[in-house]
Amino acid sequence: MRSSKFFVLTTAVAALNLFAQDAVEDNAAAPEAAPQQVTLQGEKRADFEPLMQAVAVIGACTAKTPKGTATETVTIGRAYPLGTVYTVGKGGSLTLNFNSDANIKVSENSELVVDEIAGKPDCRIVRLLRGKINTTLPEDFKKEGALVIETFGLTCSKLIGKAEVQIMEETSTDCLVQVRGVTGRTYVEGLHYVIPQIRAANILQVLQSKDQSFTRLMSLSGDYVCDLANGDPAAPTVFTLSPKAVVKIFRKRAPLSERLTVTTLTVSPSGKAKNNFSFVVGNADARTGELIPPPEDASVADKAAAPAAP
């Protein structure tokens, strides 16, 4: 009786050993499963994630989601929906990822909204309400126009590399905005002017009245081209902004027709007026342009008109 039980037990153990050996051989012969694809830090991403992830939080940082009824403290690692309003208090900072390669750093005393561009679900618009932000996109970023920064009186787009946008000062009537190129390039556009490229070390300051009656452009660093509207969309007036050079744009509506008249004055770094022209928006025939003669030309004319010495 004992011998039969021992025989059955031995047979069962042998069968289990044989089954285990077959399983090992099957696993060894089967191909390895493909590893899960993970986006690495060095891998260039052209698309943005559907949510904004908080990857660095310092100090008092709050968020109010589109459907939220109250603000909440930003939690590191959490992903927030588009349309969220972020506020950073004194001494704080917040870094949000668009994807593993692109991010935005929000400085202290700042407020902004990150949303999707209407009709372009893969693109993002950052509306800076106050304070300062720094954006980072790869130098070889291929998706032009994927990120737009909007603030008082201007937009920054076609961003490549690193850029800084800051609301320097705001009053009840005016707002002073500064755009600084760190690396790469930035396209800046405002009412009746375009700056095709702000590059590394270029600093632009724009003073804009809130009623849009006045704009002043100044370069604090670097020389770069500014295209100024003159009533002919195909041939804008081209002016080079250099340190101490100034562009002033005045806007006024006619009392009866309500047509907008735009007058632009450019001043060279030496303080001499270079351009002075006006046009009426929506009326291609109502425009006038004047290139003010350089001082040396005026000097020659004066000498020619002066009577000869006896």
Side-chain angles (χ1 to χ4, degrees), residues 36-138 141 143 145-157 159 161-172 175-180 182 186 210:
Q36 183 179 3
Q37 292 185 356
V38 178
T39 302
L40 302 178
Q41 190 66 27
E43 197 178 328
K44 298 297 182 288
R45 292 283 308 277
D47 295 328
F48 292 153
E49 300 292 349
L51 303 176
M52 298 293 295
Q53 185 178 26
V55 296
V57 180
I58 298 176
C61 302
T62 61
K64 184 178 180 181
T65 61
K67 295 183 179 180
T69 56
T71 59
E72 57 184 88
T73 301
V74 176
T75 304
I76 190 168
R78 180 178 171 182
Y80 292 86
L82 298 176
T84 297
V85 180
Y86 303 92
T87 304
V88 178
K90 183 178 180 179
S93 70
L94 171 65
T95 302
L96 301 165
N97 270 11
F98 295 105
N99 60 29
S100 57
D101 312 303
N103 63 64
I104 179 171
K105 183 177 181 180
V106 189
S107 299
E108 64 174 343
N109 300 324
S110 299
E111 186 175 13
L112 75 158
V113 181
V114 182
D115 211 340
E116 97 178 17
I117 296 178
K120 299 179 179 179
D122 295 333
C123 300
R124 302 288 176 263
I125 182 168
V126 177
R127 296 185 176 91
L128 179 61
L129 306 178
R130 60 183 174 92
K132 180 175 72 174
I133 58 174
N134 290 78
T135 59
T136 300
L137 276 77
F141 192 70
K143 195 167 184 177
L147 177 62
V148 173
I149 301 172
E150 181 182 86
T151 188
F152 291 99
L154 63 84
T155 59
C156 300
S157 61
L159 290 99
K162 297 181 179 180
E164 177 185 284
V165 181
Q166 180 177 5
I167 298 175
M168 304 289 292
E169 185 179 349
E170 182 182 1
T171 68
S172 60
C175 188
L176 179 63
V177 178
Q178 178 171 290
V179 180
R180 181 172 71 93
V182 181
T186 303
K210 291 186 176 179

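It should be emphasised that the depicted structure is a prediction, and the values quoted were computed from it without experimental measurement. Values below: all heavy atoms of this structure, side chains included; hydrogens, waters and symmetry mates excluded. Count residues from 1 along the sequence.
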- prompt: Does some side-chain heavy atom of Cys175 sit less than 4.5 Å from a side-chain heavy atom of Ile167?
  reply: yes
task: Apply the salt bridge (Lys or Arg N to Asp or Glu O under 4.0 Å) test between Glu111 and each candidate in Arg127, Arg130, Lys64; give the one that qualifies.
output: Arg130
field: For the student: nearest non-hydrogen atoms of Leu137 and Ala102, plus distance
entry: CG-CB, 4.2 Å
- request: Measure across Glu169 and Thr171 and return the closest heavy-atom pair with its distance rounded to 0.1 Å.
  value: OE2-CG2, 4.2 Å
query: Thr135 and Ile149: side chain to side chain contact (heavy atoms under 4.5 Å, CB included), yes or no, with the steps?
result: CA-CA 9 Å; Thr135 59; Ile149 301 172; 3.6 Å; yes
field: Arg78 side chain near Gln53 side chain, heavy-atom distance below 4.5 Å
entry: no
message: Would the distance check show the side chain of Glu108 and the main-chain N or O of Gly89 forming a donor-acceptor pair, the cut-off being under 3.5 Å?
response: no
statement: Of all heavy-atom pairs linking Gln166 and Glu164, the shortest is OE1-OE2, 4.1 Å
field: Donor-acceptor contact present, side-chain Ser110 to main-chain Val88, <3.5 Å
entry: no
- prompt: Does some side-chain heavy atom of Glu170 sit less than 4.5 Å from a side-chain heavy atom of Lys210?
  reply: yes
query: Gly145 and Ile117: which non-hydrogen atoms are nearest, and at how many Å?
result: O-CD1, 4.2 Å
- request: Please step through side chain to side chain contact (heavy atoms under 4.5 Å, CB included) for the pair Val57 and Thr75, ending with a clear verdict.
  value: CA-CA 7 Å; Val57 180; Thr75 304; over 6 Å; no
- request: With the side chain counted from C-beta on, respond yes when Ile104 and Leu112 share a heavy-atom pair under 4.5 Å apart, and no when they do not.
  value: yes
message: Which label fits Tyr86 and Tyr80: parallel for a plane angle under 30°, tilted from 30 to 60°, or perpendicular past 60°?
response: perpendicular
message: If you compare all heavy atoms of Leu96 against all heavy atoms of Ala54, which two are closest, and at what distance to 0.1 Å?
response: CD2-CA, 3.9 Å
task: Could you check Thr87 against Thr71 for side chain to side chain contact (heavy atoms under 4.5 Å, CB included), going step by step and ending with a plain yes or no?
output: CA-CA 9 Å; Thr87 304; Thr71 59; over 6 Å; no
message: Looking at Asn99 and Asp47, would you say the former's side chain and the latter's main chain have a donor-acceptor pair under 3.5 Å?
response: yes
Thr136 OG1 to Leu159 CG distance, which is reported to the nearest 0.5 Å: 10.5 Å
message: Using 0.5 Å steps for rounding, measure from the NZ atom of Lys105 to the NZ atom of Lys162.
response: 10.0 Å
task: Flag the pair Val55 / Asn103 as yes when at least one side-chain heavy-atom distance between them is below 4.5 Å, and no otherwise.
output: no
- request: Provide the closest heavy-atom pair for Ala146 versus Phe48 in the form atom of the first, atom of the second, distance.
  value: O-CE1, 3.4 Å
- prompt: Under the side chain to side chain contact (heavy atoms under 4.5 Å, CB included) criterion, do Val114 and Phe98 qualify, and how do the steps go?
  reply: CA-CA 10 Å; Val114 182; Phe98 295 105; 4.1 Å; yes
statement: Only residue of Leu82, Thr84, Asp115 satisfying side chain to side chain contact (heavy atoms under 4.5 Å, CB included) with Met52 is Leu82
